[in-house]
Amino acid sequence: MTDVRDLLDRVSAPEGEGRTIHDPATGEVIGNAPEATVEELDAAIARARAAQPAWEALGHEARSAALNAAADAVDARAEELARLLSREQGKPLNGPNARFEIGACSAWLRTNAALQLEPEVLVDDGETHAELHYRAAGVVGAIGPWNWPLMIAVWQLAPALRMGNTVVVKPSEYTPLSVLALVDVLNEALPADVLIAVSGGREVGARLASHPDIDKVMFTGSTATGKKIIESSAGNLARLTLELGGNDAGIILPGTDAKAIAQDLFWGAFINTGQTCAALKRLYVHDSVYDDVVEALAEVARATPMGNGLDEENVLGPLQNKQQFDIVNRLVEDAKAHGARIVTGGSPATELGDLFYPITLVADVSDGVAIVDEEQFGPALPIIRYTEVEDAIASANRLDVGLGGSVWGPDRDEALAVANRMQSGTVWINSHGGVHPMIPFGGVKGSGYGVEFGVEGLKAVSVHRVING
């Protein structure tokens, strides 16, 4: 078995210091994460500021080579990183989980290394010649979540570094060790102080967003915290990319083959045991196929193993923390009180551990019930029956969120027509939640603003310069 002790020794605080981090599957202590002070954060930002001009001056080709070398470093330590991630976050090694996440880190680094962002000729009419150029914003503050802590960190840092920014990463208090380890590995291939990770509490995150030497803030997390970051950034006018909470709706149209879509539908909802911003969290199913869809999902749920992530057989894990476990449990209990039918699950899986909750399919529920209106961010899915497509579209759009959505059906033109009326940053057809490093991704309404990935993602971590003449 691969030992993660070397990685832990490189990033952990001394015994008895820092924040104690527990394995959510077993409760065992993994290690102690450093708890930086605001003064230590200030010093890190000053180092990043000092390193930025030389990093930008290297040019795109040299920075791309460094990103590829960083991806090589990740690949060389992939199994160690995956095992540490599994122990800290709880996600299993297999399935679309820990090993998958480490692979995504490498892929996003390499894709950003290969991207081209050329100057755009705006006007060239014989009298006026104007070009739009992009250059580094400066120092980027990257504040990440606990659900996909490594992958989302790379989503933030890879384009920022590619464009010549330096980056200060602040990981979630729940999953700091794996992010610190990733940054340590990446720094094997990067110049000093180009990428710095600072582990700390909320006051560190607030200072990072408001610091006068931070030029851009990238944040993935809750809408409530995103609003606080907007307030904190008012003083320094930092540019923002905010990928906030979602309560993604899916609409299944008449004529859909339930068994044919069951696996994709299941993983659209329950990837990372449902702890994904763009997971399917409300499913509207036409009355003609409702019972078939519920049963097809139940069959997949019953056959999908849950347990300790280090067990190679498991592909579903625990909730990462007690706060999220309590939210899921509360929403399911409230649905029961409102007469919902629990098809699978419905109560904590105490035989597996304190933070395990089984896949819970909640049928015969309606809009207005908390489990529909609030983001569960866990292994519980409300399934709502509808008879008119117009009503399903209205229900999907009724909440102040718009990260992703999906439409499922046999007729692509019909599905496209519905997709074009959904209010979300991305709408998938006959799938849900898949992302690609070349396809821009971001939310609308309460799910934030700004986009990541691809050339548009490079522009988002840049400032423009128009050369006219």
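Everything numeric here is computed off the predicted structure, so don't read it as measured data.
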List the atom of [X], the atom of [Y], and the distance in Å for their closest heavy-atom pair.
X	Y	answer
Leu283	Leu280	CD1-CD2, 4.0 Å
Ala238	Ile214	CB-O, 3.7 Å
Val362	Ala335	CG1-CB, 3.9 Å
Ala396	Ala249	CB-CB, 3.7 Å
Gly450	Thr241	C-CG2, 4.2 Å
Ser447	Gly245	OG-O, 2.7 Å

Between [X] and [Y], is there a donor-acceptor pair closer than 3.5 Å when you use the side chain of the first and the backbone of the second?
X	Y	value
Ser424	Thr426	yes
Asp75	Ser106	no
Asn430	Gly409	yes
Asn397	Arg421	yes
Asn236	Ala209	yes
Arg162	Asn112	yes
His286	Thr387	yes
Tyr449	Leu240	no
Lys170	Gly200	yes
Arg282	Ser395	yes

Tell me whether [X] is salt-bridged to [Y], with the criterion being a basic N under 4.0 Å from an acidic carboxylate O.
X	Y	result
Arg5	Glu80	no
Arg385	Asp287	yes
Asp334	Arg330	no
Asp184	Arg77	no
Asp215	Arg239	no
Glu295	Arg302	yes
Asp391	Arg398	no

Discussion item. Checking Glu456 against Lys459 for the salt bridge (charged side-chain N to carboxylate O under 4.0 Å, His left out) test, could you report, in this order, the C-alpha distance in whole Å, the side-chain angles of both residues, the deciding distance, and whether it holds?
Written reply: CA-CA 5 Å; Glu456 295 304 315; Lys459 293 178 181 179; 3.4 Å; yes
Worksheet entry | Residues which pass side-chain contact (heavy atoms from CB on, under 4.5 Å) with Arg99, listed by chain and number, not counting sequence neighbours | Glu79, Ala82, Arg83, Leu93, Asn94, Glu312
Worksheet item: With sequence neighbours excluded, what pairs up with Ala296 under the side-chain contact (heavy atoms from CB on, under 4.5 Å) test?
Response: Ala258, Ala262
Discussion item. Which residue is it: Asp373, Val372, Thr360, Ile371? I am looking for the one with a side-chain contact (heavy atoms from CB on, under 4.5 Å) to Leu331.
Written reply: Ile371
Assess the side chains of [X] and [Y]: does a donor N or O sit below 3.5 Å from an acceptor N or O?
X	Y	value
Tyr284	Asp367	yes
Tyr174	Gln324	no
Asp248	His432	yes
Asp264	Ser431	no

Under 4.5 Å between any side-chain heavy atoms of [X] and [Y], yes or no?
X	Y	answer
Leu208	Ile45	yes
Phe377	Val328	no
Asn147	Gln320	no

Discussion item. Looking only at the aromatic ring of each residue, does the gap between the centers of His436 and Phe453 stay below 6.0 angstrom?
Written reply: no
Fill in: Check against side-chain contact (heavy atoms from CB on, under 4.5 Å), Phe219 and Glu243
CA-CA 6 Å; Phe219 171 73; Glu243 196 259 88; over 6 Å; no
Item to complete: Walk me through it: do Thr273 and Lys91 pass the test side chain to side chain donor-acceptor pair (under 3.5 Å)?
Response: CA-CA 8 Å; Thr273 316; Lys91 64 182 64 183; over 6 Å; no
Fill in: Working for side chain to side chain donor-acceptor pair (under 3.5 Å), residues Thr175 and Glu88
CA-CA 6 Å; Thr175 53; Glu88 185 175 46; 5.1 Å; no
Worksheet item: Do the ring planes of Trp108 and Trp155 sit parallel (below 30°), tilted (30 to 60°) or perpendicular (above 60°)?
Response: tilted
Worksheet item: Atom NZ of Lys227 and atom OG of Ser222: how far apart are they, to the nearest 0.5 Å?
Response: 10.0 Å
